[in-house]
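I have placed the structure first, in the form of structure tokens, so that the comments after it can refer back to it.
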Number of protein chains: 2
Amino acid sequence: MRTVTIADVARHAGVAVSTVSYVLSGKRAISATTRQRVLDSVRVLGYHPNAGARALASKRANVIALVLPLRAGMNLPVLMQFATSVVATARQYDHDVLLMTADEGPDGIRRVAASAMVDGLLLMDVEVRDTRVPLLRDLAEPSVLIGFPADAEGLTCVDLDFHRAGAICAAHLAERGHREIALLGAPGVVYERGTGFAERTRAGFLAEATERDLHAVAVPCAETYDEVASAVKLLFDAHPGLTGVVVHNEAAVGHVLGALRALGRAVPEDVSVVAICPDDIAERARLTSVLIPAEELGREAVRLLMAKLDGLPAGSILLEPRLTIRESTR
Amino acid sequence: MRTVTIADVARHAGVAVSTVSYVLSGKRAISATTRQRVLDSVRVLGYHPNAGARALASKRANVIALVLPLRAGMNLPVLMQFATSVVATARQYDHDVLLMTADEGPDGIRRVAASAMVDGLLLMDVEVRDTRVPLLRDLAEPSVLIGFPADAEGLTCVDLDFHRAGAICAAHLAERGHREIALLGAPGVVYERGTGFAERTRAGFLAEATERDLHAVAVPCAETYDEVASAVKLLFDAHPGLTGVVVHNEAAVGHVLGALRALGRAVPEDVSVVAICPDDIAERARLTSVLIPAEELGREAVRLLMAKLDGLPAGSILLEPRLTIRESTR
DNA sequence: AAATGATTTCGAAGCGCTTCGACACCTGAC
DNA sequence: GTCAGGTGTCGAAGCGCTTCGAAATCATTT
């Protein structure tokens, strides 16, 4: 059972090879009768174009690379949703997905790009000072990043709008009548590194609080229980009237709840808590939260990449955060 | 910056194109001096072979498809470890990985296979009566399955040796002096479907128990708390002297512990519990367990697939289970 | 010195597809 | 009846690589 080639289809339909190609690609007008004859032959013979030959001739592989950080510490449900959404969306655009792990590093990216194996790249979890970013800049292949590196100039990035997320949390607490609120953010070092998303959440939170005339503080937050507990204690010592807390640190959120319990402050009776974290974590603890929209991130990232493949300019985009109200705020 | 082709390398090194090809593939002897000259040119020019052209000429894409069940209900850590291991191992064999989701179904498989986009396929979580299995059988491309379908004849499958796993659990309990033990397995319907792995665990468990002259029973086990609780109650009513329980049902294991607690039986003081489940679940509950060796599964699956790609015959293999002793048995 | 055989290198023929320019045919306008 | 301008189709030239057979080179042997 030799594999069926376009020449077989052409012979079977009694037309030229190029005609078959044009029917399939739609790049030139073909009469309805010829078109139908060709399509019938395709069906009858079970023809599938050879991807390699197509890529070679057209300089388009119809494959995108998905570079995932398959290391420990990632939130798996988020990663999975993202990957699933990328694959599904890519298929809608008639593209396949080549899976790469971040630990091949820049070389892996250079390799797949230079080999014309993929037409574009999707990188998840880009770090602030990522060694791959300069490479992406002068790669011929377009790329889209999930997350913003330190200097996003000239790159296409997709991320949750953390400024708005911070603001939405503050607004939610304000609307519930809280007058004194706090943000527990990432560990201090993260701010010192100038990590964009942590800083932006903070700015949005404080701006909205100021706007609404609330008393607000924002403090970094470590991730071990003891450190979290003492930070929470310090916070309430300094601000006894505090009734609303936003936690933007998925590793610390459980500890914050524990610390509150230890201090004898009930949630939501005494203190309302809003988290900015993956949905599974918030769901488990029944927390009001702003989730990480993994599926939407994947979809938008692919959409942007496809636009770039078509030569369209594509700027970065920020996704609108959405608050899910659960049982930790009142 | 036109991309560098093999012709550029040949010109730069002052040799024929075919010589460059042979240097790179090692398929013919090339003198050391020529070889070095070519390799230098490759380095200087930054040459990377065009994957499409290579695939077209050699009929080898150097890509394998990884078909994952990206639906809910999978144990994510297991899936991730598996995927990571597959990608890493494939790279060792100079192959890349095309990521597909099971929801494209047989058509997706047919598509990538017929388009010569991949040389082989890796399917995870194959179901007992999987519609893709007959397809795989008469596909030209070799494939490896994780898990055993109803009829594995002529297929290459990799899985944990559940017969041994059942036996190891029984043996562990026997060594600790337990004389009356039970296996809580998959829900009844799973056995009725004739699912291989559930039945094999059961057989291994009972055989080992008989061997060691223990009193052993094996019962199916549902997955809601109430059903589990009543099953556990019935079990202990019927066998008051029961002191060892093996749970082979990752969804039920938490409920079993709860039910035991409700019956006033302490673990491990009154009852020893061994689980056959993903490591994260056992780790969380500090259970002695036989884990699902995701990483090893990935590695072995790729190894088998590569063997088949080289035309070697490859039978199915069963991985040796390993017991991790934690705090639930004594 | 010629012949033999190994060893190393070369040239050319594809692999299956896309795409460009050209050709054939058909309209309708003059 | 001729010619301009569409349509629809074809043929051929690659795309960049692998691989086969043959040529060229060199060391041995007779």
Side-chain angles (χ1 to χ4, degrees), chain A residues 2-39 41-42 45-63 94 111-119 140, chain B residues 2-39 41-42 45-63 94 111-119 140:
Chain A
R2 217 182 87 280
T3 76
V4 182
T5 75
I6 197 174
D8 299 325
V9 175
R11 202 171 310 118
H12 186 270
V15 298
V17 162
S18 50
T19 302
V20 176
S21 178
Y22 285 124
V23 166
L24 262 25
S25 71
K27 294 194 177 172
R28 278 197 187 178
I30 297 288
S31 69
T33 60
T34 308
R35 151 183 232 75
Q36 196 50 59
R37 203 140 37 87
V38 168
L39 291 177
S41 299
V42 165
L45 301 181
Y47 169 69
H48 286 267
N50 178 296
R54 187 194 277 255
L56 181 57
S58 68
K59 309 197 161 311
R60 286 285 233 115
N62 272 44
V63 176
D94 193 31
R111 183 176 61 81
V112 296
S115 69
M117 195 170 246
V118 302
D119 305 320
Chain B
R2 217 181 85 279
T3 75
V4 183
T5 74
I6 197 173
D8 298 327
V9 175
R11 203 171 309 119
H12 186 270
V15 299
V17 162
S18 50
T19 303
V20 176
S21 177
Y22 285 124
V23 166
L24 263 24
S25 70
K27 293 193 178 171
R28 276 196 187 179
I30 297 288
S31 70
T33 61
T34 307
R35 150 181 232 76
Q36 196 50 58
R37 202 140 37 86
V38 169
L39 291 176
S41 298
V42 165
L45 301 180
Y47 169 69
H48 286 267
N50 178 296
R54 188 196 279 257
L56 181 56
S58 69
K59 308 197 160 310
R60 287 284 235 115
N62 273 48
V63 175
D94 193 31
R111 183 176 60 82
V112 296
S115 68
M117 194 171 246
V118 302
D119 304 321

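Everything numeric here is computed off the predicted structure, so don't read it as measured data. We name chains A, B, ... by the order of the sequence lines, and we start the count at 1 in each one.
Between the CD1 atom of Ile30(A) and the C1' atom of dA24(C) there is a distance of 14 Å, given to the nearest Å. Met117(A) places its CE atom 16 Å from the P atom of dG16(D), with the value rounded to the nearest Å. For the pair Arg54(B) CZ and dC15(D) C1', the computed distance is 16 Å after rounding to whole Å. Nucleotide dT8(C) holds its P atom 16 Å from the CD atom of Gln36(B), rounded to whole Å. Taking atom CZ on Arg60(A) and atom P on dT19(C), their separation rounds to 10 Å, with Å as the unit. Distance CG (Leu56(B)) to P (dG14(C)): 14 Å, rounded to an integer number of Å. Atom NZ of Lys59(A) and atom C1' of dG14(D) are 9 Å apart (whole Å). For Ile6(B) and dC17(D), the CD1 to P distance is 5 Å, given to the nearest whole Å.
A sub-4.0 Å separation between OP1 or OP2 of dT19(C) and a side-chain N or O of Lys27(A) is present. The phosphate of dG8(D) (OP1 or OP2) has no side-chain N or O of Ser31(A) nearer than 4.0 angstrom.
Counting non-hydrogen atoms under 4.0 angstrom, Thr5(B) reaches the backbone sugars and phosphates but no base. Within the nucleic acid shown, Val15(B) comes within 4.0 Å of sugar-phosphate atoms alone, with no base atom in reach, counting heavy atoms only.
The structure places CZ of Arg37(A) at 9.5 Å from OG1 of Thr19(A), a figure rounded to the nearest 0.5 Å. Within the model, atoms OG of Ser21(B) and CD1 of Ile30(B) stand 9.0 Å from one another, a figure rounded to the nearest 0.5 Å. The structure places OG of Ser18(B) at 8.5 Å from CD1 of Ile6(B), a figure rounded to the nearest 0.5 Å. In this structure, CG on Asn62(A) lies 7.0 Å from CE on Met117(B), to the nearest 0.5 angstrom.
Judged by atom type and distance alone, Tyr22(B) reaches the base of dC20(D) through a side-chain donor-acceptor pair under 3.5 Å. Between the base of dG8(D) and the side chain of Arg37(A) there is no donor-acceptor pair shorter than 3.5 Å.
Of all nucleotides listed (dT19(D), dC17(C), dT9(C)), dT9(C) comes nearest to the side chain of Thr19(B).
Residues Arg28(B) and Ser18(A) each lie close to DNA chain D; by heavy-atom proximity, the contact nearer the 5' end of the strand is made by Ser18(A). Remark on DNA chain C: of its neighbouring residues Arg35(B) and Ser58(B), the 5'-side contact belongs to Arg35(B), judged by nearest-heavy-atom nucleotide. The 5' end of DNA chain C is approached more closely, in terms of each residue's nearest nucleotide, by Ala32(B) than by the other of His48(A) and Ala32(B).
Between Val9(B) and Val38(B), the closest heavy-atom pair is CG1-O, 4.2 Å.
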